[in-house]
2 protein chains.
Amino acid sequence: MMRISELARKGGVGVETVRFYQRKGLLTVPRGEAPGGRHYGEDDVKRLRYVRHAQVAGFTLAEIAELIELDRTDDRPRARAMAAERIAALDEQIAKLQAARESLARLARDCARGGDGPCPILGAFDRV
Amino acid sequence: MMRISELARKGGVGVETVRFYQRKGLLTVPRGEAPGGRHYGEDDVKRLRYVRHAQVAGFTLAEIAELIELDRTDDRPRARAMAAERIAALDEQIAKLQAARESLARLARDCARGGDGPCPILGAFDRV
DNA sequence: ATTGACTCCGTACCGTGGTACGGAAGCTAT
DNA sequence: ATAGCTTCCGTACCACGGTACGGAGTCAAT
């Protein structure tokens, strides 16, 4: 019988976080009240990992709750729309981060090369 | 004489945000109290844009405050260290986002191709 | 001299995603 | 049967990055 602490461990989060997700409707609270606490199965572990992966993809917890609801109603068009939206946002975010990475790297190189004048990193983002 | 509202507009933020940054020490409050409000110059616009660019690069406001302080003391080694740290974090973050983007795109493709069984997007992150 | 737009300032409030705390109840081993 | 661990539950608190509000003062135009 898996208890909440084991579920949390398998999902790589803390017990409090599991309970937080339950409150948010992201994880179901086992219906069968068992003595000594509720217990969980592999489905719960899967669900928890789903939440964490979706988070990495940039979905907010509210959106993840919606995805889970879409799963319940098998609403594929809406699911595809959400995925497409998120992919576009990811592309934009990745592009921005790459641009930031490049200019930061350039500034660091210029700074390391020495030279005179002010350090390129400091006070230099206005040239980015 | 540029007033705070114009500074905010040029920086692409709201007046309240400018004041918030001032409180955080990210923007200086003009010393000369002028009647009818303080006024700002191009340096302030530059500084504000610096803050926004550094934010895009993933620096927290506290780190940006530190960068600004490093500028004051011209502490290049520390600036380079911070830049290197941030670049490494950016690389990691970009890699994660790209991975998430790819699996999300794959799921969306699989979902669009139709087929039977459950929608690949819904409840599928456990396979990512 | 009043209106309207703007400023300054402090303080309060917000969403997001947790994290912690304290009490009551249960299981398990001694 | 008592100690020690875990569970459940509600509530409070946290950091981050803002956003809003209310009151008082200042300015220019009417």
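By convention in this document, chain letters (A, B, ...) are assigned in the order of the sequence lines, proteins followed by strands, and residues within each chain are numbered from 1.
To the nearest angstrom, P of D/dG17 lies 18 Å from CD of B/Q22. Rounded to whole Å, atom C1' of D/dC5 lies 16 Å from atom CD of A/E6. Protein atom NE2 of B/H39 is 13 Å distant from nucleotide atom P of C/dT7, rounded to whole Å. The CZ-P distance, from B/F59 to D/dC16, rounds to 16 Å in whole Å. Rounding to whole angstrom units, CZ of residue B/R3 and P of C/dT7 are separated by 6 Å. Between the P atom of C/dT16 and the CG atom of A/L61 lies a distance of 9 Å, rounded to the nearest Å. The separation between B/L7 atom CG and C/dC8 atom P is 10 Å, rounded to whole Å. For A/F20 and D/dA12, the CZ to P distance is 16 Å, given to the nearest whole Å.
Checking side-chain atoms of A/R49 against main-chain N and O of A/K10 turns up a donor-acceptor pair under 3.5 Å. Side chain of A/R47 to main chain of A/L26: a donor-acceptor pair is present (N/O by atom type, distance under 3.5 Å, no hydrogens or angles).
Here B/Y21 reaches the OP1 or OP2 of D/dG18: one of its side-chain N or O atoms lies under 4.0 Å away. Proximity of B/R52 to the phosphate of D/dG18: a side-chain N or O atom is located under 4.0 Å from OP1 or OP2. When the side-chain nitrogen and oxygen atoms of B/Q55 are compared with OP1 and OP2 of D/dG18, one or more of them lie within a distance under 4.0 Å. Note on B/T17: a side-chain N or O is less than 4.0 Å away from OP1 or OP2 of D/dT19.
Picking from D/dG18, C/dC6, D/dC8 the nucleotide with the shortest atom distance to the side chain of A/R19 gives D/dC8. Distances from the side chain of A/E16 to the nucleotides D/dT6, C/dA20, C/dG17 place C/dA20 closest. Candidate nucleotides D/dT19, C/dT7, C/dG17 were compared by shortest atom distance to the side chain of A/T60, and C/dG17 ranks first. Side-chain proximity of B/R23 to the nucleotides D/dG18, C/dA20, C/dT11 is greatest for C/dT11.
The existence of a salt bridge linking A/E69 and A/R78 is excluded, since no basic side-chain nitrogen approaches an acidic carboxylate oxygen closer than 4.0 Å.
Separating the CD1 atom in B/I64 from the CE atom in B/M82 is a distance of 9.0 Å, to the nearest 0.5 Å. Considering CD of B/E42 and CG of B/L7, their distance stands at 9.5 Å, rounded to 0.5 Å.
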